[in-house]
Structures are given as structure tokens and as C-alpha cells.
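Below, read A as the first sequence line, B as the second, and so on, with proteins coming before strands; counting in each chain starts at 1. Everything numeric here is computed off the predicted structure, so don't read it as measured data.
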Amino acid sequence: MRDLSAELLAWYDVHAREMPWRVGPSDRKAGVLPDPYAVWMSEIMLQQTTVAAVRDYHRKFLALWPTVGDLAAADDADVMAAWAGLGYYARARNLLKCARAVVAEHDGVFPDSYEQLLKLPGIGPYTAAAVSAIAFDRPETVVDGNVERVMARLHDIHAPLPGSKGELTTKAQALTPQSRPGDYAQAVMDLGATICTPRNPACGICPWRDPCAARLAGTAAELPKKTPKKKTPTRFGIVYVARRTDGAWLLETRPEKGLLGGMLGWPGSEWGDEPEENPPYEADWQPLNAEARHTFTHFHLRLKIMVDYADIDATPLRGTFLTPDVFSPTALPTAMRKVFDLAHMTLRDN
DNA sequence: AATTCGGGGGC
DNA sequence: GCCCCAGAATT
């Protein structure tokens, strides 16, 4: 019986991807383990997000808040502003909750077990296994999109996701070695990211090409099967962009729950088929020629933009005028940033 | 089991 | 345009 994990680790020793927060295989063999805080930070940011998109944010967060204690003591608004643009903002809210829980409940030290990690905010089955394996070298099994794809192909499993997740997890667990589990977890994911890719898998140079059932059957490129998803509808909305004579912009912090929760945004209507007009204060609002278009996970959004120059003593019913010393457009989520970029062309500096 | 959460890159 | 991405929380 061949040792598949050992063969993959041999491949990983040569082909491990470079990541700023990663301790490579040679250092790990010398007994070096990464900072659990940096590993946890990377895994939260990497949820449904590419390495390329994460790199600069990870560097910025570690520079602003070098330890979990620093992050736990940070202001919520500063963390949300730093996360702006990365998406899935519940991750940022849970990031803070988790940091504060680690300080309050674990004396500022990340727990090393899957069960303890799983209890923390924002840490689910994947991230608990990843932190436990990568940061503490415990033999936990990571199951992300890469592992699902690799297992579906290795075992030629045609049952569609997400229903087949349990079966794929069982297959992945059976392969997880007791030796070098941290390297192995990263090796399977690297394999999926660089060789066993969604389209055009490079089976010819895959370390698992011989034992791969899908390669033998010629079905690798069509796996994993997924249940079909329905198409995304379009919603419409109106936003009101006001600029005061001193340069301040009228903004509001969105509710904690829901889309773009906890982020800054422009006051406006609900988003639906026919948005109602509800300006934040009475004025001669002027429509902008262009509309802001943005696509979220499950719908397209088109925002009609109304603009107004506000008097210095304007008293809005909703939102707060933020002066340039406390507001930067970089703190806006991308949809709201698109509105800013369009409105700013009209509401220029005086 | 389904839905709700962002945003960008590849094709 | 559609698919994917080191998924989690909620319903």
C-alpha cells in the first residue's frame, strides 16, 4: 500500500507556495512554528478570498495590531475601516469578537484544539482545523474548496456538492497523516490551487496522477459536480450624497446585521424593485447622470445618485456629516466607494 | 438543506 | 456574463 500523504509531502517540500504568513517546510522540519495570531488572521481573511487579495490586508493588520491583545483593544470603527474593500464584513466584526474572547477567556493565548477553536466567533470547521494543524501541528483535517475538489477527483466521486461534503470529508480524514500534519494540510490546498485546478487541471505533473481515479476515468475536469445555482436578480436603490461647505460628507454607519453591516454608507432607500424617495433632509436634490452599478453575491445593484450642497448649519434627519480629518473614502465598502467616485466628480472641493 | 453574506480575477 | 476563491452564521 503506497503512502499517498508522504508522496504529497515530498512534492510540497519542493513546490510549496510562498505566502508572507507561512513557515515553509524546511523551517517547520527544524521545529519552527508560525505565530498562531498571524495564522488565524490569514485564515479568516482567506475565507472565500484569494491569496492575492489578502496579502496587503494581512500585512496592514499585523502592522496596525501586532498581537491579539492589540487587536482586542482596537476601536471597532478603525477595524472596519481597515477591512473596507475586502468584503464579507461579518468576518471583521467576528474578528474583533474573537480577539476579545481570546483575551478574556484564554488569557490572550490562542487555544490549540479543534474543539476550543470551533467555539470562537468566526471560526467554523475549516478554520478550526486549519489553525490547529498549521499553527500547532495537530493532525486535524482541513476541508476547503481545494480539498473538496481534490478528493472528488482522487476518488472519482460524482455526487454533487454541497450534499457530498460529508463523503469528501471522510475521504480527506482517511488520508491525513500523523506526521507533519501542518505541512500536509497546506500541501493538499496548494495541490488544489496550483495543479488540481477547477479548469484545465495539470494532471500530467500531479504527484497523485497514478492513484487518481478521475484521471483514469477521464472525468477530472468535470469534477466536482455542483447543484445548479439560480441566476442573480437586479435590485434598485437611491442614495443621497450631501457635501457641506466645509467639505464634510453626510454618511451613516449601517446596522450591524445584514449587507455591509457595520460599514459606512450613504443614506438612502431600501433596495428593491421600486425604491422610495426618502432624502435625509429637505433640499433641492439633483439627480446625477450616472448610476452606480455593483454586483453582490446574490444580486445586481443599481444605485440612482442624488446630490446636494448642504449649508453649514444643515440638520439631517439621518446620518452624520464627517469632515475629512475623520473620514477617508478608503473606509467605504466598494459599492459605496463607487458612489463616492461618481458623486465626487460633481461635488468638487470649493 | 438553503440562504445570506463581497469583491476580484480568469476565461 | 459565469465561475471560483484556505467558509461561517443564520434560518
query = Are A/D341 and A/K338 close enough for a salt bridge, meaning some N to O gap below 4.0 Å?
reply = no
A/R28/A/D137 salt bridge by N-O under 4.0 Å criterion = yes
Side-chain heavy atoms of A/M189 within contact of A/R17, under 4.5 Å = no
Among [options], which is the nearest nucleotide to the side chain of [X]?
X      : options             : result
A/R17  : C/dA6, B/dC5, B/dG7 : C/dA6
A/R149 : C/dG7, B/dG7, C/dC5 : C/dC5
A/K226 : C/dA6, B/dG6, C/dC4 : C/dC4

Under 3.5 Å, is there any donor-acceptor pair linking the side chain of [X] to the base of [N]?
X      : N     : value
A/Y88  : B/dG6 : yes
A/T49  : C/dG7 : no
A/T334 : B/dG6 : no

Name the nucleic acid region contacted by [X], choosing base, sugar-phosphate or nothing; use a 4.0 angstrom heavy-atom cut-off, strictly under.
X      : result
A/G85  : sugar-phosphate
A/S42  : nothing
A/I134 : nothing
A/F296 : sugar-phosphate

query = Which residue, A/K231 or A/E43, contacts DNA chain C at a nucleotide closer to its 5' end, judged by nearest heavy atom?
reply = A/K231
task = Select from A/V51 and A/L120 the residue whose nearest nucleotide in DNA chain C is closer to the 5' end of that strand.
result = A/V51
request  = Let me know, please, whether A/K230 or A/T295 comes out on the 5' side of the other along DNA chain B by nearest nucleotide.
outcome  = A/K230
Presence of A/T127 side-chain N/O under 4.0 Å of C/dA8 phosphate oxygens OP1/OP2 = yes
Rounded to whole Å, please give me the gap between [atom1] in [X] and [atom2] in [N].
X      : N     : atom1 : atom2 : value
A/N94  : B/dG6 : CG    : P     : 12 Å
A/H298 : C/dG7 : NE2   : P     : 19 Å
A/H300 : B/dT4 : NE2   : P     : 15 Å
A/Y114 : C/dA8 : OH    : P     : 8 Å
A/L301 : B/dC5 : CG    : P     : 12 Å
A/W271 : B/dT4 : CH2   : C1'   : 14 Å
A/L223 : C/dC4 : CG    : P     : 12 Å
A/Q48  : C/dA8 : CD    : C1'   : 10 Å

query = According to the Watson-Crick and G-U wobble definitions, with both distances under 3.5 Å, which nucleotide is paired to B/dG6?
reply = none
task = Apply the test ring pair (Phe, Tyr, Trp, His ring centres under 6.0 Å) to residues A/H294 and A/F296: give CA-CA distance (whole Å), side-chain angles for both, the deciding distance (0.1 Å), then the verdict.
result = CA-CA 7 Å; A/H294 189 72; A/F296 294 101; 4.8 Å; yes
ask   = Donor-acceptor pair, A/T141 side chain versus A/T176 backbone, under 3.5 Å?
value = no
inquiry  = For the P atoms, the ones on B/dG8 and on C/dA8, what distance do you get once it is rounded to whole angstrom?
reply    = 22 Å
query = Is there a residue in residues 178-205 of chain A whose heavy atoms reach under 4.0 Å of DNA chain C, and which residues are they?
reply = A/M189, A/D190, A/P198
